[in-house]
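For reference, the structure discussed in these notes is given below.
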Amino acid sequence: MDLLFKGGTVVTAKSTFKADVAVTKGRISAIGAGLKPDKNTEVIDAKGKMILPGAIDGHTHLAMPFGGTIATDDYFTGTRAAACGGTTTVFDFVLQGVGETMDAALKRRDDICRADGPACDYSYHIGVGDVTTPEMLASMDECMKMGVATFKVFMVYDFGVDDGQFFETLQHAAKIGALVGVHAENRDVNNALIKKFLAEGKTDAWYHYLSKNEDVAGEADVRAINLAKMAGAPLYIVHLDNKQGVEAVAQARAEGYPIFAETCPQYLYFTKDVYKKGIPELKLRARDFVCSPPMKGKPSQDALWNGIKTGAVSTLATDHCPFLKKEKDWGIKQKDGKKGNFTTIPNGCAGIENMYPYILSEANKGRISFNKAVEISATNPAKLFGIDYCKGAIEVGLDADIVVYDPKKEFEVNNRKNQHGALDHTIWEKAKFKGYPVAVYNRGKLLFDGKDYVGQSGDGKFIKQKKIKFKGPEF
């Protein structure tokens, strides 16, 4: 026994109970009352604290090239920030280039990741960019052999797939035991609205929202679900943000289909109003909140919260993809000095350090249970992405990814003083959380001591995914 957490309250997706937790060689080796330490065991006093599994952020874009720049956080600074917020496993997206097989893209991206030296454990999803030939589609199989079983298609952007390619990808995924996620927005309507607004001289961030409004997203959510039904395949809708989509997911699940949805903390905390004038008192401009999909209106936000409570929304993830303020300014003046508009703003915001503290704070305030917070932040992602053999719960035999959480600790986000990414601002500035992690362990190693990152570059390990098979909506 190397570590012993004494006197804490263990929280799982299903239960809450007082127990000691022992760790041996990086794994949870015992859970029970009155456990006794060995001679050289380090004992952690967890009295008055909660013992939670480390969160799994299933949606990040680290060091991602976008719109003439690269996302601010790389594979070290982004995972460092994740660890300091209680997230111990991060899934990043590998974007396949045209003419590049998916396994080649995976190798290319993994080389970059390993060179950066991730601070916590990590895995990947493959962003499908080219399935125009049988060879390209079959390269999904090679990724499976390398331990990556999750893929994502885009229904929007000029590199996205058409419905036929989406359908073929779903069919092949079901055949090989993979899961397909989807960024669902109606590309043609989005482009038509962009063209209309720019022709009318409407260029500010508000029109980013209007061109990607609730209907643009909701229609695509419904269409994506119908394609999955036709293909006989499970589907994972990423960053779900609208009421129509929530209702469509809930209906499909009630009908017995393996349809799952993720939402993000920014959709639960902010609304479309931030695109009108930002939050001036925090020196946050409307363009600082530009991400895709954008935040939606209050009815959609309420539907997302209800979806979490009812199970229609299965997971929470960040879509972390931050850019510097001077890059967000490209919506006013582009990099080359030409006049900018809402389409030239790099899309993405921060959140990787704030996700778990935020949802736990909401649980602490009584909005949801702590069990539900653990379920959507750790347990469900582990099951969906095929890593529940080692992650996602406080359970004997699993990795000792442990968050010691103090429900009484008050915390206010201050990008300059207490955040650990490579950012010059955060949309979460001055957000107040009730409760906060005071220690974070990844496979039994302390990464965050309640104030500072105490790990090292390269602490993170690649986590292989097992095959994924869902016949219905249950995990």
Side-chain angles (χ1 to χ4, degrees), residues 58-59 93 95-96 102 125-134 136-141 143-144 148-192 212-263 292-293 307 312-315 317 319 384-385 467-474:
H59 193 146
F93 279 95
L95 300 182
Q96 175 200 18
M102 295 184 212
H125 308 302
I126 308 297
V128 176
D130 186 354
V131 286
T132 55
T133 68
M136 291 299 177
L137 189 61
S139 67
M140 292 174 69
D141 304 55
C143 294
M144 295 283 291
V148 174
T150 44
F151 301 81
K152 174 186 174 184
V153 300
F154 297 82
M155 298 173 77
V156 72
Y157 307 131
D158 53 7
F159 58 81
V161 300
D162 61 31
D163 285 359
Q165 293 165 342
F166 185 6
F167 177 74
E168 290 175 339
T169 304
L170 285 164
Q171 282 189 313
H172 193 71
K175 179 181 176 182
I176 64 175
L179 176 67
V180 175
V182 60
H183 178 142
E185 291 181 291
N186 187 307
R187 174 170 45 204
D188 293 336
V189 174
N190 179 212
N191 288 339
K212 292 174 170 285
N213 62 52
E214 283 85 344
D215 293 334
V216 171
E219 184 279 333
D221 289 326
V222 172
R223 182 157 39 101
I225 291 169
N226 285 335
L227 286 168
K229 290 179 180 179
M230 292 164 62
L235 179 70
Y236 181 64
I237 299 178
V238 304
H239 48 50
L240 183 63
D241 63 347
N242 67 94
K243 182 179 179 181
Q244 184 181 5
V246 174
E247 291 171 347
V249 170
Q251 179 178 336
R253 289 174 61 82
E255 293 169 353
Y257 290 99
I259 306 297
F260 307 93
E262 154 198 298
T263 195
S292 286
V313 174
S314 298
T315 67
D319 199 6
L384 268 170
F385 305 145
K467 285 187 176 182
I468 300 166
K469 294 282 188 180
F470 288 105
K471 297 298 185 182
E474 301 303 319

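By the side-chain contact (heavy atoms from CB on, under 4.5 Å) test, Ala248 pairs with Val222, Ile225, sequence neighbours left out. Applying the side-chain hydrogen bond (donor to acceptor under 3.5 Å, both in side chains) test to Asn191 and every residue at least two apart in sequence or in another chain returns nothing. In this structure, the side-chain contact (heavy atoms from CB on, under 4.5 Å) partners of Lys152, at least two apart in sequence or on a different chain, are His59, His61, Phe93, Phe154, His183, Val238, His239. Considering only residues two or more places apart in sequence or on other chains, Thr133 meets the side-chain hydrogen bond (donor to acceptor under 3.5 Å, both in side chains) condition with none of them. In terms of the ring-ring contact (aromatic ring centres under 6.0 Å, His included) criterion, residue partners of Phe385 (sequence neighbours excluded) are, by chain and number, Phe91, His125, Tyr236. Here Glu168 pairs with nothing under the salt bridge (Lys or Arg N to Asp or Glu O under 4.0 Å) rule; sequence neighbours left out. Residues satisfying the salt bridge (Lys or Arg N to Asp or Glu O under 4.0 Å) test with Lys469, not counting sequence neighbours, are none. When the side-chain contact (heavy atoms from CB on, under 4.5 Å) test is applied to Glu219, the partners found at least two apart in sequence or on another chain are Asn186, Arg223. The salt bridge (Lys or Arg N to Asp or Glu O under 4.0 Å) test applied to Glu185 returns Lys212, not counting sequence neighbours. Listed by chain and number, the residues in a side-chain contact (heavy atoms from CB on, under 4.5 Å) with Gln171 are Phe167, Ala231 (sequence neighbours excluded). With sequence neighbours excluded, the residues that form a ring-ring contact (aromatic ring centres under 6.0 Å, His included) with Phe470 are Phe260.
Taking every heavy atom of both residues into account, Leu384 and Ser314 meet most closely at CD1-CB, 4.4 Å. Nearest heavy-atom pair across Met102 and Val131 is CE-CG1, 3.6 Å. Pairing each heavy atom of Ala174 with each of Gly232, the nearest pair is CB-O, 3.9 Å. When all heavy atoms of Ala312 and Arg253 are compared, the pair lying nearest together is O-CD, 4.1 Å. Contact between Gly256 and Pro473 at its shortest, heavy atoms only, is O-CD, 3.4 Å. Looking at every heavy atom in both residues, Leu137 comes nearest to Asp141 through O-OD1, 4.2 Å.
Within the 3.5 Å criterion, the main-chain N or O of Val161 finds a donor-acceptor partner in the side chain of Arg187. A distance-only check finds no donor-acceptor pair linking the side chain of Glu247 to the backbone of Gln244 [under 3.5 Å].
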Exercise for the section: Start with the C-alpha distance between Gln165 and Val153, add both sets of side-chain angles, then the distance that settles side-chain contact (heavy atoms from CB on, under 4.5 Å), and finish with yes or no. Expected result: CA-CA 9 Å; Gln165 293 165 342; Val153 300; over 6 Å; no

Exercise for the section: Go through the steps for Lys467 and Ile176 under the test side-chain contact (heavy atoms from CB on, under 4.5 Å), then give the verdict. Expected result: CA-CA 8 Å; Lys467 285 187 176 182; Ile176 64 175; over 6 Å; no

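In this structure, OG1 on Thr169 lies 12.5 Å from CD1 on Ile126, to the nearest 0.5 angstrom. Between the CG atom in Asn242 and the OG1 atom in Thr263 there is a gap of 9.5 Å [rounded to 0.5 Å]. Atom CE of Met136 sits about 6.5 Å away from atom OG of Ser139, to the nearest 0.5 Å. Within the model, atoms CZ of Phe159 and CD of Gln96 stand 11.5 Å from one another, a figure rounded to the nearest 0.5 Å.
Tested against Asp221 for a side chain to side chain contact (heavy atoms under 4.5 Å, CB included), the candidates Val182, Asn226, Leu235, Leu240 yield a single pass: Leu240.
Applying the salt bridge (charged side-chain N to carboxylate O under 4.0 Å, His left out) test to residues at least two apart or on different chains, the pairs with a partner in residues 224-241 are Lys229-Glu255, Asp241-Lys296.
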